[in-house]
Amino acid sequence: MRLDKFISSQRSDLSRSAVKELCRKGLVSVDGQTVKKSDVQVDENSAQIYVNGEKISYQRHLYIMLNKPQGVVCSTKDGESKTVLEIIPPKYRRKGMFPAGRLDKDTEGFVLITDDGELAHKMLSPKSHVPKTYFVKLEKPWEESYIEAFANGMTIDGDEKCLPAEFKGGSDKYECTLVLHEGKFHQVKRMFCSLGNNVVYLRRISIGSLELDPNLPLGECLEILHKDVEKLLAQ
Ligand code: URA
């Protein structure tokens with residue numbers, strides 16, 4: 001692949017003309033040699049490429065774990081609010097990136113952003129039942145009866161049947177975790193509402209067996225390694 005094409009495909013903040021300029025300034029190296037021309041051919045699988053001292057490694061797809069703050073929406077475009085794609089660093093804003101699954105504007109926590117449509121499809125398909133764990137703060141104390149109510153599969157809003165879910169009360173009676181195996185619109189909030197309670201705070205803490213990094217501050221993100229991506233689909 002051409003060097004400029006390779007670099008700009010991995011770094012959306014670097015256009016081909018920007019790469020040309022960086023090469024001209026002697027800031028690009030391939031296998032330890034400074035490369036002054038951006039149209040040389042490189043082997044994207046094996047070449048050691050550095051731009052401004054930063055290694056550009058080749059990954060066909062990008063997987064980003066974002067700790068979404070409140071007030072940010074999970075769509076690709078929104079007229080009023082900031083979108084998850086707008087708050088990730090420019091180097092991750094590759095072509096085709098989108099949030100795989102949605103959280104409400106006022107929900108915090110783990111959102112996966114990727115350009116891997118196949119993985120997203122597997123994760124989001126209604127048949128996949130990838131578990132998602134939520135930490136919930138309630139308006140009123142939780143009750144023991146919730147365990148069975150969730151385990152039995154609840155019906156919400158009259159006729160919407162939910163799959164069995166795992167409820168676990170916290171030592172603080174206003175806190176709990178809930179594991180869902182599907183993703184209906186406002187599902188956690190609607191399920192608690194049907195029990196006569198209300199969600200006052202919601203955070204997604206894991207997808208599959210991949211947990212939100214507890215040290216990741218709100219609004220920040222990190223790249224997920226390919227070996228960890230498998231955990232997203234693990235039950
Ligand atoms: N359930 C909800 O009610 N809201 C979310 O953002 C996610 C799950």
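Order of listing sets the numbers, starting from 1, for every ligand and every atom in it.
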Please work out, at 4.0 Å between heavy atoms, whether the side chain, the backbone, both, or neither of Leu202 comes within that distance of ligand 1. side chain

Would you say Glu108 and Tyr201 are linked by a side-chain donor-acceptor pair, where the criterion is simply a distance under 3.5 Å? yes

Between Arg204 and Val111, is there a donor-acceptor pair closer than 3.5 Å when you use the side chain of the first and the backbone of the second? no

Among all the protein's non-hydrogen atoms, which is closest to atom 7 (C) of ligand 1, and how far away is it? Tyr134 CE2, 3.6 Å

Should we say atom NZ of Lys173 is surrounded by more than 12 heavy atoms from elsewhere, each under 6.0 Å from it? yes

Do any nitrogen or oxygen atoms of Val188 come within less than 3.5 Å of a nitrogen or oxygen of ligand 1? yes

Under a 4.0 Å threshold between the charged nitrogen and the carboxylate oxygen, would Arg190 count as salt-bridged to Asp157? yes

Is Arg102 in polar range of ligand 1, meaning some N or O pair under 3.5 Å apart? no

Ion pair Lys184/Glu182, N-O distance below 4.0 Å: yes

Does Arg190 reach ligand 1 with a nitrogen or oxygen that is under 3.5 Å from one of the ligand's nitrogen or oxygen atoms? no

Mark up the atoms of ligand 1 that fall under 4.0 Å of a heavy atom belonging to Thr107, in ascending order. 4 (N), 5 (C), 6 (O)

Could you see which bit of Asp104 sits under 4.0 Å from ligand 1, with heavy atoms only: side chain, backbone, both or neither? both

Quick one: do Lys189 and Asp106 make a salt bridge, cutoff under 4.0 Å? yes

